[in-house]
Amino acid sequence: MIFKPLKALVTAALLSLALPAAGHAADLPPVPDSSDWKFTVAAYGWGAGLNGQIGVFGFQPRDVDISFSDVLENLDFAAMGLAEARNGRFMLGVDATYTNLSASVKTPFGIVAKKIDAANTSLMLTGLAGYALYDTDVARLDIVAGARLWSVNNDFEAKGGLIGSRSWSDGATWVDPLVGAKLRVDLLPKVYLASWAMIGGFGVGSDLMWDLMGGAGYEFTDNVSVFAGYRAMSVDYSNDSFVYDVVQKGPVVAAVFKF
């Protein structure tokens with residue numbers, strides 16, 4: 001019987017401590033729920049050709065016109081993907097493409113050099129932050145800002161002939177600020193349109209760059225969809241010895257996952 005008053009006293013003491021604490025807790029802002037974040041990842045293929053002007057080692061830039069079939073013929077490796085995280089109207093995103101091409105060219109007569117092996121690596125890495133100006137169950141319009149890292153490198157190796165074995169390399173790495181918009185519209189319960197338009201450079205890295213993409217997707221489930229569209233991108237960059245003024249364009253196909 002002696003324990004009942006003691007138990008009541010302890011209970012009253014705990015309540016007296018808990019109630020003020022609860023009152024203070026009510027004054028604090030709520031802690032964000034990590035479950036509010038929604039994530040999207042996509043692996044995609046971009047069947048892009050390339051045309052424009054490229055100059056290396058300070059020589060006069062030369063016109064280039066490389067079709068996607070030419071790219072495939074000389075492709076050693078490629079990786080492309082994007083990821084996006086959303087919480088309410090705010091979003092963070094990243095997009096990356098990497099390609100590695102190589103070719104071997106026999107020289108005329110094989111006197112100076114019997115052949116020249118050429119390799120090109122290209123990395124384009126984009127980071128974005130955005131805010132949804134318009135967000136409903138049917139459509140969403142984001143304004144975005146961020147930066148794009150470019151890294152382009154060309155390696156040449158001459159073999160045989162009078163010069164023996166020699167190698168040269170020229171390229172550049174730079175960063176472009178960018179701004180733009182992204183749009184998604186749900187046409188039907190399982191069909192949607194998605195697009196983006198971005199512009200940047202502004203003389204900070206390149207003189208000018210732009211990136212346009214648009215297409216349609218089909219959702220098999222709430223978490224898995226496929227997307228097909230078209231993407232065109234341009235960049236105009238130059239320094240003392242290197243010129244990279246090109247346009248890449250072609251169809252895009254992607255597998256998209258949400259969680």
Side-chain angles (χ1 to χ4, degrees), residues 41-57 59-83 94-107 115-126 148-159 167-174 176 178 194-198 200-201 205-217 226-239 241-256:
V41 296
Y44 67 88
W46 183 19
L50 183 147
N51 62 76
Q53 289 191 325
I54 297 177
V56 294
F57 306 115
F59 292 111
Q60 184 72 20
R62 301 293 299 272
D63 292 334
V64 294
D65 188 359
I66 304 172
S67 68
F68 179 58
S69 60
D70 293 330
V71 173
L72 279 181
E73 184 178 348
N74 298 287
L75 182 65
D76 292 331
F77 178 78
M80 305 174 186
L82 62 83
V94 62
D95 175 44
T97 69
Y98 176 83
T99 58
N100 187 351
L101 306 173
S102 66
S104 183
V105 180
K106 291 184 178 180
T107 61
K115 68 174 183 176
I116 297 178
D117 293 334
N120 169 269
T121 58
S122 176
L123 170 67
M124 184 176 67
L125 180 62
T126 308
R148 174 167 293 175
L149 169 70
W150 304 80
S151 183
V152 180
N153 194 65
N154 299 287
D155 296 308
F156 304 91
E157 184 178 2
K159 296 181 178 180
S167 60
W168 303 266
S169 180
D170 194 14
T173 298
W174 70 95
D176 285 333
L178 62 85
S195 63
W196 69 51
M198 291 178 279
S206 64
D207 291 333
L208 180 69
M209 58 81 47
W210 52 261
D211 191 344
L212 302 174
M213 189 281 299
V226 294
F227 177 86
Y230 196 87
R231 183 179 184 182
M233 183 205 67
S234 172
V235 61
D236 181 2
Y237 173 84
S238 63
N239 61 20
S241 64
F242 181 78
V243 175
Y244 194 69
D245 183 5
V246 300
V247 175
Q248 292 177 263
K249 54 187 177 180
V252 174
V253 178
V256 185

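None of the values given here were measured: they were computed from a predicted structure.
Closest of all the heavy-atom pairs between Gly81 and Asp95 is O-OD1, 3.2 Å. Considering every non-hydrogen atom in both Asp170 and Ser241, the closest pair reads OD2-O, 3.5 Å. The heavy-atom pair separating Gly214 from Ser195 by the smallest distance is CA-CB, 3.9 Å. The two atoms that bring Val243 and Pro61 nearest to each other are CG2-CG, 3.9 Å, heavy atoms only. When all heavy atoms of Ala48 and Gln248 are compared, the pair lying nearest together is CB-CB, 4.2 Å.
Atom CG in Asp76 sits 11.0 Å away from atom OG1 in Thr121 (nearest 0.5 Å). Between atom CG of residue Asp70 and atom CG of residue Leu75 there is a gap of 12.0 Å, rounded to the nearest 0.5 Å. For the atom pair CG (Asn153) and CG (Asp155), the distance works out to 4.5 Å, reported to the nearest 0.5 Å. Note: Arg231 CZ to Lys249 NZ = 15.0 Å, rounded to the nearest 0.5 Å. Note that the OG1 atom of Thr173 and the CH2 atom of Trp150 stand 12.5 Å from one another [nearest 0.5 Å]. In this structure, CG in Asp236 is found 11.5 Å from CE in Met209, a value given to the nearest 0.5 Å.
Side-chain atoms of Asn154 and Tyr244 form no donor-acceptor pair, as typed in the model, at a separation below 3.5 Å.
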Asn120 vs Val152, side chain to side chain contact (heavy atoms under 4.5 Å, CB included): CA-CA, chis, key distance, verdict: CA-CA 7 Å; Asn120 169 269; Val152 180; 3.9 Å; yes
Worked verdict on Ser69 versus Leu72 for side chain to side chain contact (heavy atoms under 4.5 Å, CB included): CA-CA 5 Å; Ser69 60; Leu72 279 181; 5.6 Å; no
Side chain to side chain contact (heavy atoms under 4.5 Å, CB included) evaluation trace for Arg148 with Met233: CA-CA 12 Å; Arg148 174 167 293 175; Met233 183 205 67; 3.7 Å; yes
Working for side chain to side chain contact (heavy atoms under 4.5 Å, CB included), residues Thr126 and Leu178: CA-CA 9 Å; Thr126 308; Leu178 62 85; 3.9 Å; yes
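Between Ile66 and Leu101, the closest side-chain pair of non-hydrogen atoms is not below 4.5 Å. Residues Val71 and Leu50 have side chains not in contact (no heavy-atom distance under 4.5 Å, counting atoms from C-beta outward). In this structure, the side chains of Asp176 and Val235 come closer than 4.5 Å at one or more pairs of heavy atoms. When side chains are defined from C-beta on, Met213 counts as touching Phe227, because their heavy atoms get closer than 4.5 Å. Contact check for Tyr44 versus Thr97: side-chain heavy atoms found under the 4.5 Å cut-off.
Using the six-membered ring where Trp is involved, Phe242 and Tyr237 have ring planes that are tilted, between 30° and 60° apart.
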